[in-house]
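We count ligands from 1, going down the list as the structure has it; atoms in each ligand are counted the same way.
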Amino acid sequence: MDHSRAPVLEALQEFRRRGDVVYGPPGHKQGRGVDPRVLEVVGADVFRSDVLSLNGLDDRRESQGVVTQAEDLMADAVDADRAFFSTCGSSLSVKSAMISVAGPGETMLVSRNAHKSVVAGLIISGIRPVWVHPHFDAERQLAHPPEPEDVRRALDAHPEAKGMLLITPTDWGTCADVAGVAEVLHGRDLPLIVDEAWGAHLPFHPDLPAWGMDAGADVVVTSVHKMGGAVEQSSVFHLRGDRVDPDVLKQREDLLGTTSSSALVYLTLDGWRRQMVEHGHELLGAAIERAGRVAEAVRGTAGLRLMGREVVGPGMAFDLDPLVLTIDVRELGITGYQAGDWLRAERHVDVGSADACRISARLTHADDDATEATLVEALRALVDGAGSMERPPRVDLPEPRALELENAMTPRDAFFGRVEQVPIAEAAGRVVAEMISPYPPGVPVLAPGERVSQEALDYLTSGVEAGMLVPDAADPTMKSLRVVIE
Ligand SMILES: Cc1ncc(COP(=O)(O)O)c(C=O)c1O
């Protein structure tokens, strides 16, 4: 295929060349009606590019197949049979993928370190999850992705399962053994969905962890806005093989998706694919080297502990994304929350994630010498600044397995059942009816339907005291919890 073409970008250029005047949405009419104060901040080109696909980028019948051509090029670029663009982030794509594999009341294996959008998919669809638990690393206070043997055991116990959803890489860059898990599922002719929201860059450089599709996954969901170069909400889901019907996938996406897709998303996805096919190897190769230099600098800085490849091995991660720098700050006597807040306030450096133990910084093809130096200098300054920070309140970090809770009912039944809000002191032993997801990374510590343990509550309440955010809780202060009336 001709990867020098960018069908959506070309259609926008053509739209502008023709000088079409639009009498349908968007009502700002390519910026004509936008308040000048908005244009001053955002720029006119954003609105000039905001064009619908129907009777905009393409005609009423979409006879040019502008978006389809771009999707076909994307599929070709990453060795998928089909690719579908989605303009509602992977939050929507994972749900589309899940309901293409199982329906209400049917069972699916789901790795328990799932993002909240996956749990939301379970609530909305009524799919019964069989949680496959990650391996909890007590020293690092980190969950490593489940392994093929865990999946085999879960399938033996639940032969009725329709497939599995696996998350890799995690928010901290640790990766699962996709090929091993795919082999287990395919041995029973079941499909594997990989939520690779953090892995849009993986297909484009051999020194990065294996891209899900190359490792045998049937459906792979990516957020190109996370590690790639497209605007926020740019997601692509990819399909290979015949275990999932492409028409079913497309129709299930249609059920959830918007009828007013953003051209900005399509345009930037199209441009990203062309950039990666033409220059990805060189750009990502440079980013990997840059990340290596930052990693060296962090290793040479007393008080900071970089998570390196020592986490790769049996019972731990299968691989590690070298572009994700995960830095434990506990030796400085501070939390990751404090480190993140300090870096933003004092150095105007915004980290990717922060938790009680660590921060993460992600490098991409977009970094340069200046951003590399900024990060290294800011991290060194953090070490000096840590001494003057207040000692943090203690977070009750859970023991391994303390977060593996009994699944008392389906997420849907718990979420939509009769519920009450109880003081946190009365919540242990009750079945939770809401998601409680420290953000980022947005992995629920409590998912609806789970019976709450005192350890999980202690972790959450002490975490919130120390700066953890749980924006999806009905009571984000964690003084009370929404539970099922049994
Ligand atoms: C593993 C995982 N899946 C899905 C999502 C949702 O992606 P998006 O933000 O593109 O909707 C996220 C977001 O952080 C994520 O971490």
Checklist entry - Can you tell me how far the CG atom of D328 sits from the CD1 atom of I359, to the nearest 0.5 Å? => result 10.0 Å
Checklist outcome for this item: the protein heavy atom lying closest to atom 5 (C) of ligand 1 turns out to be H115 ND1, 3.3 Å
Item to check | Identity and separation of the nearest protein heavy atom to atom 8 (P) of ligand 1 | outcome: S90 N, 3.4 Å
Next on the checklist: Below 30° counts as parallel, above 60° as perpendicular, anything between as tilted: where do the rings of H238 and W211 land?
Outcome noted: perpendicular
Checklist entry - Can you tell which part of S91 has a heavy atom less than 4.0 Å from ligand 1: side chain, backbone, both or neither? => result both
Next on the checklist: Can you tell me which portion of S223 lies within the under-4.0 Å heavy-atom range of ligand 1? Options are side chain, backbone, both, or neither.
Outcome noted: side chain
Checklist entry - Under 6.0 Å from the six-membered ring centre of W342 and within 45° of its axis: does the NZ or CZ of R347 meet both? => result no
Item to check | Close N or O approach (H225, ligand 1; < 3.5 Å) | outcome: yes
Next on the checklist: Just to confirm my output: which protein heavy-atom neighbour is closest to atom 16 (O) of ligand 1, and how far is it?
Outcome noted: W198 NE1, 2.9 Å
Item to check | ligand 1 contact by S235, heavy-atom criterion under 4.0 angstrom | outcome: no
Checklist outcome for this item: In ligand 1, the atoms that come under 4.0 Å of a heavy atom of G89 are 10 (O), 11 (O)
Checklist entry - Is it true that D367 and R290 have a side-chain N and a carboxylate O under 4.0 angstrom from each other? => result no
Checklist entry - Among V118, L165, D195, whose heavy atom sits nearest atom 3 (N) of ligand 1? => result D195
Item to check | Passing option when P129 is tested against V119, N407, L165, V118 for side chain to side chain contact (heavy atoms under 4.5 Å, CB included) | outcome: N407
Checklist entry - W272 and H225: aromatic ring centres closer than 6.0 Å? => result no
Checklist entry - Judged by modelled atom types alone, do H186 and R243 share a side-chain donor-acceptor pair under 3.5 Å? => result yes
Checklist entry - When the aromatic ring centroids of H281 and H205 are compared, is their separation below 6.0 Å? => result yes
Item to check | Nearest protein heavy atom with distance in Å, relative to atom 14 (O) of ligand 1 | outcome: K226 NZ, 2.9 Å
Item to check | Per-residue contact class, Q233 against ligand 1 - non-hydrogen pairs under 4.0 Å | outcome: neither
